[in-house]
Amino acid sequence: MQGTLSKMAVTLEQPAQYALRVGDERLPLNPLIGQSLTLNFTGRIYCDACGRKTSKSYSQGHCFPCMKKLARCDMCIMKPETCHFAKGTCREPEWGETHCMIPHFVYLANTSGLKVGITRHSQVPTRWLEQGATQALPILKVATRQLSGLVEVELAKLVADKTNWRAMLKGSGEPMDLQAEAARLLPAIEEKLAELGSQFGVEAIERLDEAPVAIDYPVDCYPTKIASHNFDKVPEVSGVLQGIKGQYLIFDTGVINIRKFTGYEVSVSHG
């Protein structure tokens, strides 16, 4: 099997079910846990957007021109509170309409500990699986990506908004009462929510009463020490596949973030 990598396909089952995307093919990974798996980088990288060959990948799988012109590569994707769609300066207004000017969830998750995050309504529960969350709870539904970012900024003053990926890969962590955490955090930002409601409309922020989602990952053995594989340094990644969590393959030889190498052409063998 040979082709360019994309982020792994994952579905919420118990445990989560993963498939490696290699070009147009998919390799189911759960059955391969406990077996040897080898990924060889051919040295070729192709832009995930336009398909042109590129010497370096930008913004997780893009060539330099696409990185500069596509809305999905703009800084407001990393910092949604800085969305400039309303100013008429969005790089791709139609893309912004379909990806940003739509309902988003603000959620709490247990990844390497308690964190706050945001995601498009269509990305639940995929976003949680990609982050390696073992528990997740949507707490607010808001009208746009920018609004979700503004709420997240306020909550990030009280709780982490980043995942410690090394800690996430070392185990499942202790279970948390996410509903109790929501009951603690939301009143602390009530004044800001009221302010945003006045600015964007009270109907733009909806408080949710959802049940937490528990997620189990297919991991036989968590590493005690994290060593990362990097195709840019060593083109072959090989070892016994011990588990999968988030977008990471866990080998007995180290871990690799598949999403980071979107657009890298690899050949894959196993068994």
Can you confirm whether Cys76 sits close enough to Lys79 that some side-chain heavy atom of one is under 4.5 Å from a side-chain heavy atom of the other? no
Of all heavy-atom pairs between Phe231 and Leu5, which one has the smallest distance, and what is that distance? CE1-CD1, 3.9 Å
Would you say the side-chain atoms of Asn30 pair up with the backbone N or O of Tyr18, donor to acceptor, closer than 3.5 Å? yes
Can you tell if the side chain of Ile102 reaches within under 4.5 Å of the side chain of Arg145, non-hydrogen atoms only? no
For Ala136 versus Trp128, what's the shortest heavy-atom pair and its separation? CB-CD2, 3.2 Å
Let me check something: any side-chain donor-acceptor pairs from residues 261-268 under 3.5 Å, sequence neighbours excluded? List them with distances.
residue	atom	partner	partner atom	Å
Thr262	OG1	Arg259	O	2.8
Tyr264	OH	Asp232	OD1	2.9
Tyr264	OH	Asp232	OD2	3.1
Glu265	OE1	Thr42	OG1	2.7
Glu265	OE1	Arg44	NE	2.6
Glu265	OE1	Arg44	NH2	2.7

Ignoring hydrogens and angles, state whether a donor on the side chain of His229 or Asn257 is under 3.5 Å from an acceptor on the partner side chain. no
Please check if Met101 and Phe105 belong to a single hydrophobic cluster, counting links between Ile, Leu, Val, Met, Phe, Trp and Tyr side chain heavy atoms closer than 4.5 Å. no
Transitively linked via ILVMFWY side-chain contacts under 4.5 Å: Phe41 with Met1? yes
State, with a plain yes or no, whether a side-chain heavy atom of Ile256 is found less than 4.5 Å away from one of Ile250. no
Members other than Ile118 in its cluster, when Ile, Leu, Val, Met, Phe, Trp, Tyr link by side-chain heavy atoms under 4.5 Å? Val106, Leu108, Leu114, Val116, Leu137, Ile139, Leu140, Val142, Leu147, Leu150, Val151, Leu155, Leu158, Val159, Met176, Leu178, Leu185, Leu186, Ile189, Leu193, Leu196, Phe200, Ile205
Exercise: do His104 and Thr119 side chains pair donor with acceptor under 3.5 Å: no
Would you check if the side chain of Ser112 reaches a backbone N or O of Asn164 as a donor-acceptor pair within less than 3.5 Å? yes
Under a 3.5 Å distance rule, please check whether His62 uses its side chain to pair with a backbone N or O of Ser59 as donor and acceptor. yes
Please tell me whether Val213 and Leu208 are part of a single hydrophobic cluster in this structure, the criterion being side-chain heavy atoms less than 4.5 Å apart. yes
Measure the shortest side-chain to side-chain distance between Leu29 and Met8 over non-hydrogen atoms and say whether it is less than 4.5 angstrom. yes
Nearest heavy-atom contact between Ser36 and Gly271 is OG-O, 2.5 Å
Are the side chain of Gln60 and the backbone N or O of Lys7 linked by a donor-acceptor pair below 3.5 Å? no
Sub-4.5 Å side-chain heavy-atom contact between Arg72 and Trp95: yes
Using every non-hydrogen atom in the two residues, find where Asp161 and Ala156 come nearest and quote the distance to one decimal. OD2-CB, 3.8 Å
CD/Gln35: more than 12 non-hydrogen atoms of other groups inside 6.0 Å: yes
Apart from Tyr58 itself, residues in the same hydrophobic cluster as defined by side-chain heavy atoms under 4.5 Å: Phe64, Met67
Got more than 12 heavy atoms from elsewhere within 6.0 Å of CZ, Arg184? yes
Can you tell whether the side chains of Glu190 and Arg207 come within less than 4.0 Å, N to carboxylate O? yes
Are Leu39 and Tyr46 connected, step by step, through hydrophobic side chains (Ile, Leu, Val, Met, Phe, Trp, Tyr) whose heavy atoms are closer than 4.5 Å? no
Quick one: does any side-chain atom of Thr89 pair with a main-chain N or O of His84 as donor and acceptor, under 3.5 Å? yes
Parallel, tilted or perpendicular: which describes the rings of Trp165 and Tyr248, with under 30° parallel and over 60° perpendicular? parallel
side-chain contact (heavy atoms from CB on, under 4.5 Å) evaluation trace for Lys170 with Thr224: CA-CA 6 Å; Lys170 286 186 176 180; Thr224 55; over 6 Å; no
Using atom types as modelled and distance alone, determine if a side-chain donor or acceptor of Asp220 lies under 3.5 Å from a backbone N or O of Ile33. no
Do any N or O atoms from the side chain of Gln17 and from the backbone of Thr11 form a donor-acceptor pair under 3.5 angstrom? no
Side chain of Glu206, backbone of Val202: donor and acceptor closer than 3.5 Å? no
Closest heavy-atom pair and its distance - Thr163, Gln131: CG2-O, 4.3 Å
Membership question, hydrophobic clusters at under 4.5 Å side-chain separation (ILVMFWY): are Tyr217 and Val240 in the same one? no
Is any side-chain heavy atom of Pro80 closer than 4.5 Å to a side-chain heavy atom of Gln146? no
For Lys245 and Gly171, the nearest pair of non-hydrogen atoms, with its separation, is NZ-O, 2.8 Å
Atom CD of residue position Gln14 - does it have more than 12 heavy atoms of other residues, nucleotides or ligands inside 6.0 Å? yes
